[in-house]
There are 2 protein chains.
Amino acid sequence: MYSIGEFSRITGLSIKTLRFYHEQRLLVPTKVDSGTGYRYYAPQLVETARIITRLRDLDFPLAEITSILAEHNDDADIIEYLERHRAVIEDRLRQYRSVSKALEQIISNEREARQTMNDESFDVQEKTLTPILVAGVRMQGKYSDCGQGFSQIGKAFGFRICGKPMMLCYDSEYRETDANFEPCMPIRKGESVGGVNVRELPGGRAVTVLHRGPYNQLGRSYAKLIDYVKTHGWTIQSPTREVYLKGPGMIFKRNPEKYITEIQMLVEADDVKAPVS
Amino acid sequence: MYSIGEFSRITGLSIKTLRFYHEQRLLVPTKVDSGTGYRYYAPQLVETARIITRLRDLDFPLAEITSILAEHNDDADIIEYLERHRAVIEDRLRQYRSVSKALEQIISNEREARQTMNDESFDVQEKTLTPILVAGVRMQGKYSDCGQGFSQIGKAFGFRICGKPMMLCYDSEYRETDANFEPCMPIRKGESVGGVNVRELPGGRAVTVLHRGPYNQLGRSYAKLIDYVKTHGWTIQSPTREVYLKGPGMIFKRNPEKYITEIQMLVEADDVKAPVS
DNA sequence: CTTGACTATCCCGTTGCTGGAGGCCGTAAC
DNA sequence: GTTACGGCCTCCAGCAACGGGATAGTCAAG
C-alpha cells in the first residue's frame, strides 16, 4: 500500500490530480482511512494509473476513460472508442489547419505589401508584364459592386487563387454608373465555370504607378500615367488594370488613406511616330 | 442605437455573449440606461463586433483581442500578434498530429491482428518468406530482457519501423539464462548505428505456426513445429524467429492468454534424403 | 514535546461562454 | 383589472481538468 505522495512519485500524477481522479471515481484508492481520511493505493493500481496516463496522452476525456476502464481490458475491445476519438481529433486538426492557413495568408499578405512599400516608389514606372492566368467576372454597373464579383470568384476557385485581386477597366472614360469592368484574381489553374471566366491576360510593355489613398482619388494617379504615356507618344491598350495591393484588411477595415493600388496600362510603343511634345 | 437584441441579430453574437463581452470590457455598449440597465449599441460598434468575430474565428483569446483593439487599427500593425498566435496554433497542430498518428498506429495494429486471427489457423503452415530488412540488437542473457533491445531500436529508428517486433533465437536448445538472441524490428531503410545492427534477413522456404497464449508456453508450439519438420526430414536453419503479432497492448497490458506469436523456421528441404518416418 | 514532512478539505481561478431562476417594464388581449 | 407575452436585467451554476493557496489534522523522528 502506497500513500498518496508515494503513489504520485511512482505514477507521475500530481497529488492534486490523484485526489481529483478519486473524486471523479476514475482511480479510487484501495483504502481510505476512515479516521484521518488518508488515501492508500495498492500496487495493482499503478497499472491502472499507467493506462489512464496513456489514454490521457491520447487526449481522451476523463469520462470516456472511466467507461473504458469499467468495461474493457484489452486494446482490441476499445477500437471503436479509438476510432470515434480519432474522428474528434481529426476534426480539431482540420480546424486548426484552416486557422493556421488563414493566419499565414494574412501575414504573408501584409509582408508582401510592406515589401512593396519599401521597394517601390510612387513614380511612374515602365515594366514588362508577364502573361498571367486569371479568373474574372465581367460586370456592368457601379465600380463599388465589384465585391460581389470577387466573392463569386473566391467561392469558385478558393485555394487556387495565387495573387492579389485586380480589376480590368474596359471604359476609355470614367463612368460613375454603367461602367464596364471585370474583377478578377490570378489563379494557378482552372476552367471557366458558370459566370466565371478563366483566361490568360497578355503580357508586354506597360507603364504603372502606385496609388496611395482612397479609391475615389484614383483619378490623380490616372492623370500621372496618361500624361506620361502621352509625352512618349504611346497608345494605351484596353483594358487597363488596377491591382489592389493593399485594400481593406482581412481583419481591420483599415484607413483608406493607407490603401495602395497599382494601376497598369499596357502600351504600344509606336516607334514609327515621333513622341509628341 | 440598437438594443442588445437588435445588435445581436445584426452581429450574429448571442445576447449572452454580448453581455459577457461587456463585462470583459471587450465590447462596451455606447450607452447604458442608468434606470433600467438596458444596453444600447451605436452602429459603429457593428464594425468592432465584426473585427472581434474575425479574430475569434482565428482562435485569438479574448484578452489578446482586447489589447489588439485598444492599441491598433490596421492589419499591418498586428503582424507580431498574428505571428505569435500562429506559433501557438502550430504547436497545438503538432500535438494533435502526433496524437492522431498514435491513434492510427494502435488502430491499425489491432485491425491487422484481428485479420490475422480470422485468416490464419493455428496449424503448422508452409510458407515462403521474403527477405526483409531489419534493425536488431544482439543480446545475451534472459529472454525477458529483450524489452530493452526493443526500446533501443525504437529510439534509434522510430518512425522508420514498418512491421511487428520479432526475435531471432540463435540457441538450438532452450536456455533459461545466458540465452543468445536478438530482438529486431522490420524497418524501411537505415544504416547500422552504435549497437543497433541493420541487415537483411534472408527469405526462403519456411514452416510457421501461430501460438496463442503466454510466452512461457511457447514450448508446445515449438514442439509442433519441430515434429512437423522432422516428419519431412528437413533441416532447421538457425536462427529461428518469433514474430510478436499480438503481445501486451499499447494501452492495456492485455491478458497473456490472448497473446499471439508466430514462430518461423527456415528449413532446408534436403531432397536427397527420404523423409524419416 | 517539538519539528518538519505529509495529508486532508474547501474554495477560487482558469477559458468562453450557455442555461436557468427570478425580477422589472411596457404593451396588448381578454 | 388582470393576465400573458416579449424583451431586458442581474446573479448563480456549470462545463474540463486540473493548479494554487489557506487552514487544519497526522505521522515519524529526534
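Proteins come first, then strands; the chains are lettered A, B, ... in the order of their sequence lines, and each starts at number 1. Please read all numbers here as calculations on a predicted model, not as lab measurements.
Taking 3.5 Å as the limit, the base of D:dG25 and the side chain of A:Tyr38 contain a donor-acceptor pair of atoms between them. If you check distances only, the side chain of B:Lys16 does reach the base of C:dG20 with a donor-acceptor pair under 3.5 Å.
Put simply, B:Arg39 has a side-chain N or O that comes within less than 4.0 Å of OP1 or OP2 on D:dC9. Taking side-chain N and O atoms only, B:Ser3 has no distance below 4.0 Å to OP1 or OP2 of D:dG7. Look at A:Thr17 and you'll find a side-chain N or O under 4.0 angstrom from OP1 or OP2 of D:dG19.
Atom pair A:Ile4:CD1 and C:dT9:P shows a separation of 9 Å (rounding to whole Å applied). Atom pair A:Arg19:CZ and C:dC12:P shows a separation of 18 Å (rounding to whole Å applied). The distance from atom CG of A:Leu27 to atom P of D:dC18 is 12 Å, rounded to the nearest whole Å. Rounded to whole angstrom, the span from the NE2 atom of A:His85 across to the P atom of D:dA16 amounts to 14 Å. Atom CG in A:Leu18 sits about 14 Å away from atom C1' in D:dG19, given to the nearest Å. Per the geometry, CG belonging to A:Asp33 stands 12 Å off C1' belonging to D:dC27, to the nearest Å. Atom OH in B:Tyr41 sits roughly 17 Å away from atom P in D:dG7 (whole-Å rounding). For A:Phe20 and C:dC12, the CZ to P distance is 17 Å, given to the nearest whole Å.
When heavy atoms are screened at a 4.0 angstrom cut-off, A:Arg56 is found touching the sugar-phosphate backbone but no base atom. When heavy atoms are screened at a 4.0 angstrom cut-off, A:Tyr21 is found touching the sugar-phosphate backbone but no base atom.
For A:Ile15, taking side-chain heavy atoms from C-beta onward, the closest of the listed nucleotides D:dC27, D:dC8, C:dT7 is C:dT7. When distances run from any side-chain atom of A:Leu62 to the nucleotides C:dT18, C:dT7, D:dA17, the shortest one goes to D:dA17.
Atom CE of B:Met139 and atom CG of B:Asp145 lie 5.5 Å apart (nearest 0.5 Å). Rounding to the nearest 0.5 angstrom, the gap separating the CG atom in A:Leu26 from the CZ atom in A:Phe20 is 9.0 Å.
For A:Lys164 and A:Asn109, the side-chain atoms include at least one donor-acceptor pair closer than 3.5 Å.
Between B:Gly37 and A:Phe60, the residue whose closest nucleotide on DNA chain D is further toward the 5' end is B:Gly37.
Relative to the ring axis of B:Tyr81, B:Arg84 places its NZ or CZ within 45° and under 6.0 Å from the centre.
In this structure, the ring of A:His72 has its center no less than 6.0 angstrom from the ring center of B:Phe252.
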